[in-house]
Amino acid sequence: MALKPSMSPYLIIGERQAPNTLEMFWDYVCPYSGKSANAMETILKPLLESKYPNKVKVIFRPQPQPCEYRRRGMTNTSPCHRQVEKLTTSLVSFRYSNFSVGHSSSTLVHEAGLAVSKVAPNAFWQYSLALFKAQDQFYDVPASTMTPSQIREKLADLGKTSGTLSDQEVEAVKQALVLNTKDGARNGGVSVTDDLKLCSTSSSPPPCPSFFYCRPLVD
């Protein structure tokens with residue numbers, strides 16, 4: 001799929017003109033997304049850069065999933081839970097494992113990632129890796145003891161404690177995550193709310209982790 005110029009930070013490996021595309025659908029608080037993101041950085045990235053230079057690009061597609069099973073009409077105990085599906089066409093190979101469940105903090109962590117992509121685009125992937133590593137701090141139980149504002153502040157501070165953002169960038173992320181109250185607004189979201197909506201527009205989004213692999217058509 002095409003990558004809009006404004007989403008350039010989500011190109012985490014390779015060059016835009018590479019003919020093969022691997023798109024990763026990850027949720028920051030999905031344990032399986034965290035494991036595959038770490039494998040991407042430590043195993044697949046060195047392999048692609050050494051054996052297939054300029055051949056493959058990898059795009060991170062943020063996939064917030066606060067209500068994944070509700071949207072798909074599933075429950076933890078449904079027959080579709082952990083089902084593995086595969087679809088192959090001449091253009092796209094798609095495989096996913098339905099491991100995901102809804103997480104209350106998913107929206108908030110993805111807001112933080114989007115804010116970092118705008119404030120410090122070159123630091124986006126390293127911040128994302130730090131967030132995947134610290135994801136257990138934002139799981140359902142610890143998140144239940146914090147307000148949304150406290151979670152947003154903690155997510156911004158992660159940029160400092162992980163060494164991925166400067167103090168100035170951390171403050172800019174905090175400002176990007178402040179609720180909009182302009183003209184008396186009470187339901188205006190934050191500065192990246194519209195960007196977040198673009199990550200969730202599919203009527204049947206893939207669960208996390210998932211991937212698409214796109215290759216050129218060959219006669």
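Note that the coordinates shown come from a computational prediction; the quantities given were computed from them, not determined experimentally.
For the residue pair Ser33 and Asp27, no side-chain donor N or O sits within less than 3.5 Å of a side-chain acceptor on the partner. Side chains of Ser8 and Arg16: a donor-acceptor N/O pair is present below 3.5 angstrom, by distance only. If you check the side chains of Thr147 and Ser149, you find no donor sitting under 3.5 Å from an acceptor.
Residues Phe212 and Ile59 fail the side-chain proximity criterion, which asks for heavy atoms closer than 4.5 Å. Counting heavy atoms from C-beta outward, Leu196 and Leu114 have side chains that approach closer than 4.5 Å. Considering only heavy atoms from C-beta on, Leu44 stays 4.5 Å or farther from Ile13 through its side chain. Looking only at side-chain heavy atoms (C-beta outward), Phe132 and Asn38 stay at 4.5 Å or farther from each other. Proximity of Arg152 to Val190: side-chain heavy atoms (C-beta onward) are separated by under 4.5 Å at one or more points. Between Leu155 and Ile151, some side-chain heavy-atom pair lies under the 4.5 Å cut-off. Taking 4.5 Å as the limit, some side-chain heavy atom of Met7 sits within range of a side-chain heavy atom of Arg61. The shortest distance between side-chain heavy atoms of Val170 and Lys174 falls below 4.5 Å.
In this structure, OG1 on Thr145 lies 11.5 Å from CG on Asp140, to the nearest 0.5 angstrom. Atom CD in Gln126 sits 5.0 Å away from atom CG in Leu129 (nearest 0.5 Å). The CZ atom of Phe138 sits 12.5 Å away from the OG atom of Ser106 when rounded to the nearest 0.5 Å. Rounded to the nearest 0.5 angstrom, Glu111 CD and Leu177 CG are separated by 6.0 Å. In this structure, the separation between CE on Met40 and CH2 on Trp125 is 7.0 Å, given to the nearest 0.5 Å. Between atom OG1 of residue Thr42 and atom CG of residue Leu47 there is a gap of 11.5 Å, rounded to the nearest 0.5 Å.
Here Phe60 pairs with Trp26, Tyr28, Phe124 under the ring-ring contact (aromatic ring centres under 6.0 Å, His included) rule; sequence neighbours left out.
Here the closest non-hydrogen pair linking Met146 and Pro142 is CE-O, 3.5 Å. The minimum heavy-atom distance linking Pro209 with Tyr32 is given by the pair CD-CB, 3.4 Å. The two atoms that bring Pro9 and Ser117 nearest to each other are CG-O, 3.6 Å, heavy atoms only. Summarising the geometry of Ser105 relative to Val29, their closest heavy-atom pair is OG-CG1, 3.7 Å, with the distance given to 0.1 Å.
Shown here is Gln150, whose CD atom has more than 12 heavy atoms of other residues, nucleotides or ligands within 6.0 Å. For NZ of Lys160, the number of neighbouring non-hydrogen atoms (other residues, nucleotides, ligands) closer than 6.0 Å is 12 at most. Applying the 6.0 Å contact sphere to OH of Tyr52 captures no more than 12 heavy atoms from other residues, nucleotides or ligands.
Although no hydrogens or angles enter the test, the distance criterion places a donor-acceptor pair under 3.5 Å between the side chain of Gln135 and the main chain of Cys30. Lys57 places a side-chain N or O within donor-acceptor distance of the main-chain N or O of Ala18, the cut-off being under 3.5 Å. Panel note: side chain Ser166, backbone Glu169; a donor-acceptor pair is recorded below 3.5 Å.
Contacts classified as side-chain hydrogen bond (donor to acceptor under 3.5 Å, both in side chains) and involving residues 178-194 (residues at least two apart or in different chains) are not found.
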Subject >> side chain to side chain contact (heavy atoms under 4.5 Å, CB included) between Asp167 and Glu171, intermediate numbers included >> reply: CA-CA 6 Å; Asp167 289 347; Glu171 290 305 312; 5.8 Å; no
